[in-house]
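Written below as structure tokens is the structure these notes are about.
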Amino acid sequence: MRKTTKAFTRNERKAALWALTMAAAITAGGLLIEQTWRRPSLGPDGAASYAFAPLPGVLDARPAG
């Protein structure tokens, strides 16, 4: 049985801090790599600018039946 009122030991807190630090570093690295290799934005729409043109007649389509 524990004799302290703390929920975690010092080593457990240190391990959690390292885990959070590493997760933040991996996330930041991933974002940096993504920004480096991604195509530039084509204006205010950003990724939406890459959308395909609508197919002819699709807006006029009616459900069968």
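We count residues from 1, following the sequence as given. Only a predicted model underlies this, so the values are computations on that prediction, with no experimental measurement involved.
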Qualifying residues under side-chain contact (heavy atoms from CB on, under 4.5 Å), relative to Leu17, sequence neighbours excluded: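 By the side-chain contact (heavy atoms from CB on, under 4.5 Å) rule, Leu17 matches Thr21.
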Residue pair Leu32 / Thr36: nearest heavy atoms and the distance that separates them: O-OG1, 2.7 Å
Distance, nearest 0.5 Å, that separates CE of Met22 from CG of Leu20: 11.5 Å
